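Inspection log for the structure reproduced underneath, given as structure tokens.
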2 protein chains.
Amino acid sequence: MTERVTDSFQDWLRDRVPERGLRPKAAALLEVLLSQPRRASFGAAAELAQLAGVNVATVTRTAQALGFAGWPALQQELRARYLSSLSAPQVAAEHSGAGSPSSRSLRRDLDSLALLNRRLDEGVLRTIAEAVAAAGRTVIVADGSYAAVGMALAHNARLAGYPVAAVTSGDAELANCVAAIGPGDVLIAISFWRLYESTVLAANEARARGVRVFALTDAASPALANAAEEVVMVPAEGVAFFPSLTAGMAVAQALVTQLASVDPARTSASIETAEGMWSKFGLLHRRPTPPAPADQHSDQPD
Amino acid sequence: MTERVTDSFQDWLRDRVPERGLRPKAAALLEVLLSQPRRASFGAAAELAQLAGVNVATVTRTAQALGFAGWPALQQELRARYLSSLSAPQVAAEHSGAGSPSSRSLRRDLDSLALLNRRLDEGVLRTIAEAVAAAGRTVIVADGSYAAVGMALAHNARLAGYPVAAVTSGDAELANCVAAIGPGDVLIAISFWRLYESTVLAANEARARGVRVFALTDAASPALANAAEEVVMVPAEGVAFFPSLTAGMAVAQALVTQLASVDPARTSASIETAEGMWSKFGLLHRRPTPPAPADQHSDQPD
DNA sequence: CACAAGTTGCAATATTCTTTGCACATTCTC
DNA sequence: GAGAATGTGCAAAGAATATTGCAACTTGTG
């Protein structure tokens, strides 16, 4: 039961123990909490009490003795830490003291990314990257706030030398873009949480027209998954009402990185050209250190 | 498609969907459960209901429609499966291509985020969030690929009920926008790696006009830092040529989360309104019945 | 256009879980 | 060894959560 959950989880809990130590029963309960973090995270006070051979009341009192308002408050912390230790054992956030909304958001994103890192089948990303590299052109459909991820993906992919365009200007343009693609092209649909009607339409229509369709989604979207050849699942759960775009952005980044490695020469040339343009247009505030793009991604074991 | 072990969570839940499919609201709830397994595993029925935009009663009814006695029974199953999906497939992902560009990118982002999490002073984010909340309006300046972060920030901030606009359409519009703001307004400049000339200009000009200026940047941009009241430093190093937007996006997410907590009532009201609009405009995809094999219905917006 | 079938939200009800007052038991001190 | 102080269990009060009856609404059909 106890994996290597122990470190951050146990240390933290032990640190809450006050100077005087705990009463015998409270100590017994603490041992249960430490040794069975899973049950401690989910179970009712009564369940833990029985497990520790103490009364329910002792659970509440122990929680209070540890500095919490009551059992629910303690349990919430236990949960957060237990889950963190499950998904990101290596990071072991030290200051994860349930602080401000912003720091909670960061921590959640960190967890999501750790989860993504373990879950993601990079074979899928390679497939998509190669499809984009081979495609006549690529259209990215992304509505709502997900448009940001689509834009980033398209922007960097173009920089890498591939004709990738994001459609974010509404349904009319979307329709036109879908009408303009066909066999030999690629469409990437990005959508988390709630699915926009037009995104699904575009994906289905494109597939019917012989376009290779891929999807980036948070798995809540069978409609989109059905239309896609491959689906990349991304955790998008945020702490507030908004779904988090962070993990999706990480996937976009990974995808572009993979794409850049498909044909390094092409990418290098493209970047060099782009840089020349930026210079000519006077876009940059200062001349940066000239990067050596060919060196950056020259090592690809696969 | 991906038939990885981790999908057992989603697959399993989808398999419980009865023949006829689900009612619209039930389907909406199912999406939330699938996309936010953490919350689904821990949260109360009411919380999930709000997230899905349905009534509490629907949660209970959906659980029953899926063949469970009620929400607690469903939640218990969800928990078990979510937790095992967290801890099980760790090993597989590690070895299948540990060195591919995409997985290196992901790992780099993970590291960056961990670094950010340690370094970031949440007081700064709070300051910015409060400034935005108090401002007459807020303009976000972000050029190049950073525009994606700016867009996401603006989009979600608007959703939270604040007049935030991202300027991404070129220098002409940027000039107009800067001309239109003054004391009592806020400008947020987002720029990593290389600094666009116009971004710096806008920041300096705005500050001269009495606008509160904040900056999101990596360490390499002293010019921007000079023009800003507060600077949020974000690691943006990518594995390839491209700077990573992931950490920047995480900060945007954190900022919006903080902003949403400044005046929760206002944010709730705003989101509710927005949801009503989405509904009216028929933006969301609400087809509950995906699995019909021969049934190739053409999706029609309702 | 009206009716019927089905769906959803509201609100009262029922259930479960947590906390706390109180009494008994144990332990420590003089 | 007696008294006081502290710890613990029991059970009732209190809070939170889930369920269900009912009415209003929407959608499909004649």
Side-chain angles (χ1 to χ4, degrees), chain A residues 17-33 39-79 197, chain B residues 17-33 39-79 268 271-273 275-276 278-282 284 286-289 295 297-302:
Chain A
V17 175
E19 274 301 305
R20 314 212 170 239
L22 290 170
R23 286 86 100 187
K25 296 286 181 180
L29 175 64
L30 190 70
E31 287 309 312
V32 172
L33 296 186
R39 217 183 290 255
S41 301
F42 290 108
E47 186 183 351
L48 278 306
Q50 188 190 351
L51 226 55
V54 302
N55 190 272
V56 200
T58 305
V59 176
T60 294
R61 293 191 180 114
T62 303
Q64 290 167 342
L66 293 173
F68 295 90
W71 167 245
L74 170 57
Q75 189 177 44
Q76 186 180 338
E77 274 301 310
L78 288 174
R79 261 180 216 163
E197 180 69 31
Chain B
V17 175
E19 273 301 306
R20 297 270 172 201
L22 259 46
R23 284 83 101 207
K25 295 288 178 177
L29 176 64
L30 191 70
E31 304 290 304
V32 171
L33 296 186
R39 232 187 280 253
S41 302
F42 291 116
E47 186 183 349
L48 279 306
Q50 189 191 347
L51 224 56
V54 303
N55 190 272
V56 199
T58 304
V59 175
T60 294
R61 294 192 180 113
T62 302
Q64 290 166 343
L66 293 173
F68 295 90
W71 166 245
L74 170 57
Q75 188 177 44
Q76 185 181 340
E77 279 299 317
L78 287 175
R79 261 181 217 161
S268 298
I271 286 173
E272 216 164 299
T273 308
E275 247 180 47
W278 295 343
S279 239
K280 273 191 186 149
F281 277 67
L284 303 178
R286 297 203 162 193
R287 280 280 177 187
T289 56
D295 186 6
H297 57 270
S298 58
D299 288 352
Q300 284 181 343
D302 33 20

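Chain letters run A, B, ... following the sequence lines, proteins first, then strands; residues in each count from 1. Just so we're clear, the structure is a prediction, and the values are computed from it rather than from any experiment. Because only heavy atoms are used, hydrogens play no part in the values below, and waters and symmetry mates are left out as well, while side chains stay in.
- Residue B:A44 is in sugar-phosphate contact alone, with no base atom involved, counting any heavy-atom pair closer than 4.0 Å across all strands shown.
- For the pair A:N55 and D:dC10, the criterion of a side-chain N or O lying under 4.0 Å from OP1 or OP2 is met.
- In this structure, A:L48 atom CG and C:dT18 atom C1' are separated by 13 Å, rounded to whole Å.
- Remark: C1' of C:dT8 and CG of B:L29 are 13 Å apart, rounded to the nearest angstrom.
- Note on B:T58: only backbone sugar-phosphate atoms sit closer than 4.0 angstrom, heavy atoms only; bases stay farther off.
- Checking side-chain atoms of A:T62 against main-chain N and O of A:T58 turns up a donor-acceptor pair under 3.5 Å.
- Separation of atoms CD (A:Q76) and OG (A:S41) is listed at 11.5 Å; rounding is to 0.5 Å.
- Remark: side-chain polar atoms of B:E47 are not paired, donor with acceptor, to backbone N or O of B:R39 under 3.5 angstrom.
- Between A:W71 atom CH2 and C:dT20 atom P the separation is 16 Å, expressed in whole Å.
- Taking atom CD of residue A:E47 and atom P of nucleotide C:dT18, one finds them 10 Å apart after rounding to whole Å.
- If you take CG of B:L74 and P of D:dT17, they are 17 Å apart, rounded to a whole angstrom.
- Within 3.5 Å, no donor on the side chain of B:R61 pairs with an acceptor on the base of C:dG6, nor the reverse.
- Remark: C1' of C:dC17 and CD of B:Q75 are 14 Å apart, rounded to the nearest angstrom.
- Using a 4.0 Å heavy-atom cutoff across all strands shown, A:A45 reaches sugar-phosphate atoms only and no base atom.
- Computed from coordinates, the A:Q50 CD to C:dT18 P distance equals 14 Å when rounded to whole Å.
- A distance of 12.5 Å separates CG in B:L29 from CZ in B:R61, rounded to the nearest 0.5 Å.
- Dashed line: the shortest gap from a side-chain N or O of B:Q64 to OP1 or OP2 of D:dT20 is under 4.0 Å.
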